[in-house]
Novice: 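Would you mind keeping the following structure in view while I ask a few things?
Quick note on labels: first sequence line is chain A, next is B, and so on, each numbered from 1. Please read these numbers as outputs of a predicted model, since none were measured by experiment.
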Amino acid sequence: MAGHGGNGTDRQDEATIRRILHVDMDAFYASIEQRDNPALKGRPVAVGRGAGRGVVAAASYEARAFGVRSALPSHMALERCPELVFVPPRFEVYRAVSAQIHAIFRRHTPVIQPLALDEAYLDVTEQWQDYGSATALAESIRGEIRQQTGLTASAGVSYNRFLAKLASGQRKPDGLFVIPPSQGAAFVADLPVEKFHGVGPATTRRMHGLGIHTGADLRTWTVPELKKYFGSSARFYHDIARGMDHRPVEANRPRKSLGTETTFAHDVAEWDRLATTLNEIVSRLAAGCVQRRIAGKTVTLKLRYAGFQTVTRARSAPFPIVEEAVLRQMALELLGSFFPLDRSVRLLGLTISSLVPYAEKTPPVQLRLFEP
Amino acid sequence: MKFTVDRAPLLRALSHIQGVAEKRNTIPILANVLMNHDGEILRLTATDMEIAIVEEIPSEATRAGSVTVPAAVLFEIVRKLTDGALIEFEQESQEEPLHLRAGRYETNLNVLPVDNFPAMLAGDLPHHFSIETNGLRDLIDRTRFAMSNEETRYYLNGIYLHIVLEDKKNYLRAVATDGHRLAKIDTPAPFGVETMPGIIIPRKTVTELRKLLEGDGSSVEVSLSETRIQFRIGSILLTSKLVDGTFPEYSRVIPQNNSRILRVAKQDLAAAVGRVAAISQERSRPVKLTITRNHLTLSAVSPDQGIAQEELDENSVTYDSDDVEIGFQARYLTDITDQIDVEVEFAFANSSSPTLIRDTGQPSALYVLMPIRV
């Protein structure tokens with residue numbers, strides 16, 4: 001595979017080079033809270049529950065200076081930053097702002113792949129020339145976001161998803177960074193592998209074990225060699241070490257499952273309390289299915305015991321489940337199958353999978369023998 | 001006119017008559033029954049201009065004559081008279097109401113002029129045959145549930161009766177379809193039927209004719225032309241217009257190569273379909289059949305009740321093919337299982353193609369059912 005190295009960039013004609021943006025809102029949830037409550041401006045803010053077993057869902061930049069990050073248990077966040085102000089999350093507001101931002105995206109390109117409420121890839125290969133450059137287009141989007149939401153976004157501009165994502169993190173907050181084709185390979189070479197999007201903690205440990213610490217280290221490996229250790233991901237790791245990533249920006253990428261879960265403030269073992277919580281979870285999940293116009297056949301119940309052991313049990317219906325009552329019945333039956341419990345439960349989760357599109361209120365279609 | 005008649009034969013005749021008489025009341029006299037007494041026989045006639053029924057019953061008359069009175073009202077009165085009553089009718093003159101007396105009950109019925117009562121002419125009926133009551137009843141019962149009542153496709157609003165030649169033998173074949181399901185049954189062709197044209201008997205005629213086919217052993221005389229049909233059943237004469245249309249080329253929707261064969265006990269299947277569908281609130285009440293080796297699961301869903309399902313195992317199911325998942329309207333399934341005695345045989349192609357259904361005990365009948373996509 002040595003011949004594949006070359007100068008590292010994807011050798012392509014100017015005309016076929018893609019223009020990919022990664023737009024990432026800065027401290028999205030926390031910034032919205034600070035925007036809507038001026039008393040929080042300039043103060044370390046964490047979105048999440050401060051009491052009991054809560055975790056930080058998002059932290060403002062002021063809080064990040066103290067080492068407060070998302071997913072940090074609340075009590076640890078308070079140890080690091082005693083001044084930290086906890087604000088309960090308002091997801092409906094975050095979703096509304098996210099919709100505003102997506103409306104801005106859609107005015108610039110139809111090819112949008114959302115990663116979360118606050119970040120998305122945009123393919124502007126067909127649109128950038130109207131602005132003179134993809135960078136100018138990205139600045140235009142950032143300006144519109146600031147003007148219409150009062151929030152700041154950072155953007156990465158490059159020729160593939162992998163580099164665009166790396167780029168958006170370079171000048172946060174409220175910044176923009178470009179990785180042009182001539183610099184893609186060099187940019188990756190110096191980067192520690194744990195910074196690569198797509199290389200998780202487990203892969204990082206394994207790479208470190210193999211002496212792979214940076215992009216440059218990774219680049220010395222051929223695909224067959226990588227395959228021995230990383231299986232089907234070998235090609236991806238091989239390519240990103242060279243600044244290459246052929247994955248398209250997948251607009252409307254089909255979702256494979258939809259799930260929601262609840263962590264109890266105190267461990268629970270009573271049927272009534274578990275069933276009540278499961279009912280709430282079912283309602284949320286059913287609403288999520290309706291909103292996304294999907295229905296699934298398989299329901300999976302997840303139970304995490306007090307000792308953190310996690311078990312799942314699944315059941316499939318012979319048809320896509322569109323009714324909340326059906327979902328509820330199946331979920332409660334699954335919960336019942338765990339009883340009697342010998343331990344208390346810390347977390348309950350419910351996922352629906354084997355998804356199919358579902359148009360709301362579509363009655364079953366009787367097929368015809370003769371076309372009318 | 002003045003005559004007496006026993007309640008029982010009059011009630012029986014009126015139950016046939018009032019079915020034919022027009023109920024929508026657009027032309028008032030069509031809601032009436034014409035009663036004509038020639039001194040020996042009482043002749044009752046009703047028509048809606050599409051069908052006419054004439055029924056003769058024995059009656060004693062002291063004064064012959066004719067009169068028309070509202071069929072539904074007369075039927076209601078006679079129905080509520082005591083069993084075994086002798087009913088006396090008397091009309092003083094043509095314009096007077098008809099007086100009815102039975103025991104201590106009496107009333108007057110409004111009349112309309114006899115001359116205004118329309119006659120429905122049968123015209124020339126060149127084709128004749130005689131068919132056993134049982135045989136004709138079978139043709140109707142096995143097919144009529146599949147008739148359409150969509151006015152747009154009027155040519156499906158009846159039973160298509162025609163002659164087919166199969167294995168050098170002539171059969172009289174009845175077919176009905178509403179575009180979702182089809183029912184077909186053959187009976188050996190009666191003598192004289194070979195030359196008859198294919199005809200579509202309208203649904204109302206089918207319904208009224210069926211009421212006349214009670215009891216066994218006797219036969220029905222059938223006469224027909226391209227546009228009219230007439231049935232003589234004992235002392236009853238039913239004349240009807242035929243549907244003026246072309247029945248679709250039905251044979252092309254009867255699957256020939258459905259190879260996945262499911263056999264299931266009729267009682268168990270029908271009961272399970274009924275129980276499972278009970279929770280459904282869809283108008284179409286879809287029931288899903290999930291079929292694996294010697295195993296059939298029926299299921300239905302409702303927004304409020306959740307899932308209902310029932311499993312049938314090798315005690316009532318035989319199946320040894322690829323797994324099938326297919327949905328049908330519950331009523332369509334039960335309409336067909338109602339025609340089947342002991343064992344139902346399904347032949348599937350896939351979940352969106354016509355399914356063939358048979359009674360393993362009655363090879364002459366065949367049903368085709370289109371699935372519902374759930």
Side-chain angles (χ1 to χ4, degrees), chain A residues 275 278-291 293-301 313-337 350 352 354-372, chain B residues 146 148 150 152-153 155-156 177-182 247-250 252-255 279-292 297-309 323-332 351-355 368-374:
Chain A
L278 187 55
N279 265 321
E280 293 162 9
I281 291 175
V282 164
S283 299
R284 288 207 300 273
L285 189 55
C289 286
V290 169
Q291 192 189 4
R293 307 224 177 262
I294 49 174
K297 287 186 180 179
T298 304
V299 178
T300 306
L301 182 73
R313 245 171 229 176
R315 226 194 108 187
S316 290
F319 33 71
I321 303 154
V322 291
E323 292 86 359
E324 187 171 333
V326 178
L327 187 61
R328 174 160 293 126
Q329 181 186 343
M330 291 177 71
L332 288 171
E333 280 172 19
L334 282 168
L335 181 62
S337 74
L350 195 68
I352 188 158
S354 309
L355 298 180
V356 295
Y358 159 63
E360 202 183 354
K361 298 272 181 214
T362 301
V365 181
Q366 172 64 53
L367 304 175
R368 305 195 75 98
L369 279 168
F370 310 95
E371 284 318 308
Chain B
S148 173
E150 262 180 69
T152 46
R153 295 202 285 174
Y155 51 85
L156 297 183
T177 179
D178 61 2
H180 296 156
R181 61 255 176 86
L182 178 145
F247 202 77
E249 198 45 66
Y250 66 86
R252 66 187 169 82
V253 302
I254 300 176
I279 66 148
S280 181
Q281 282 154 5
E282 296 279 355
R283 210 173 68 88
S284 55
R285 288 177 177 255
V287 170
K288 185 138 187 171
L289 279 59
T290 305
I291 307 145
T292 56
T297 304
L298 296 107
S299 55
V301 286
S302 131
D304 298 331
Q305 329 287 337
I307 305 179
Q309 65 177 37
D323 295 357
V324 173
E325 256 187 25
I326 191 165
F328 295 111
Q329 294 201 30
R331 184 171 58 85
Y332 288 177
S351 61
S352 57
S353 301
T355 294
V368 182
L369 181 52
M370 217 40 201
I372 189 165
R373 207 181 280 138
V374 286

Novice: Scan B/His180, B/Arg181, B/Gln329 and name whichever one has a side chain to side chain donor-acceptor pair (under 3.5 Å) with A/Gln366.
Specialist: B/Gln329
Novice: Look at B/Thr290, B/Val301, B/Val368 and state which one has the largest set of heavy-atom pairs under 4.5 Å with chain A.
Specialist: B/Val301
Novice: Measure B/Pro286 against the heavy atoms of chain A and call it side chain, backbone, both or neither at under 4.5 Å.
Specialist: side chain
Novice: Check A/Leu369 against B/Val253 and note the closest heavy-atom contact, atom names and distance.
Specialist: O-CG1, 3.5 Å
Novice: Heavy-atom distances under 4.5 Å only: say whether B/Leu182 touches chain A with side chain, backbone, both or neither.
Specialist: both
Novice: Quick check for you: to the nearest 0.5 Å, what is the distance between B/Met370 atom CE and A/Leu367 atom CG?
Specialist: 5.0 Å
Novice: Go through the atoms of B/Tyr332 and report whether side chain, backbone, both or neither lie under 4.5 Å from a heavy atom of chain A.
Specialist: side chain
Novice: Measure distances from B/Ser353 to the heavy atoms of chain A and classify the residue's part below 4.5 Å as side chain, backbone, both or neither.
Specialist: neither
Novice: Quick check on the interface: out of B/Pro354, B/Gly327, B/Pro248, who has the most heavy-atom pairs with chain A under 4.5 Å?
Specialist: B/Pro248
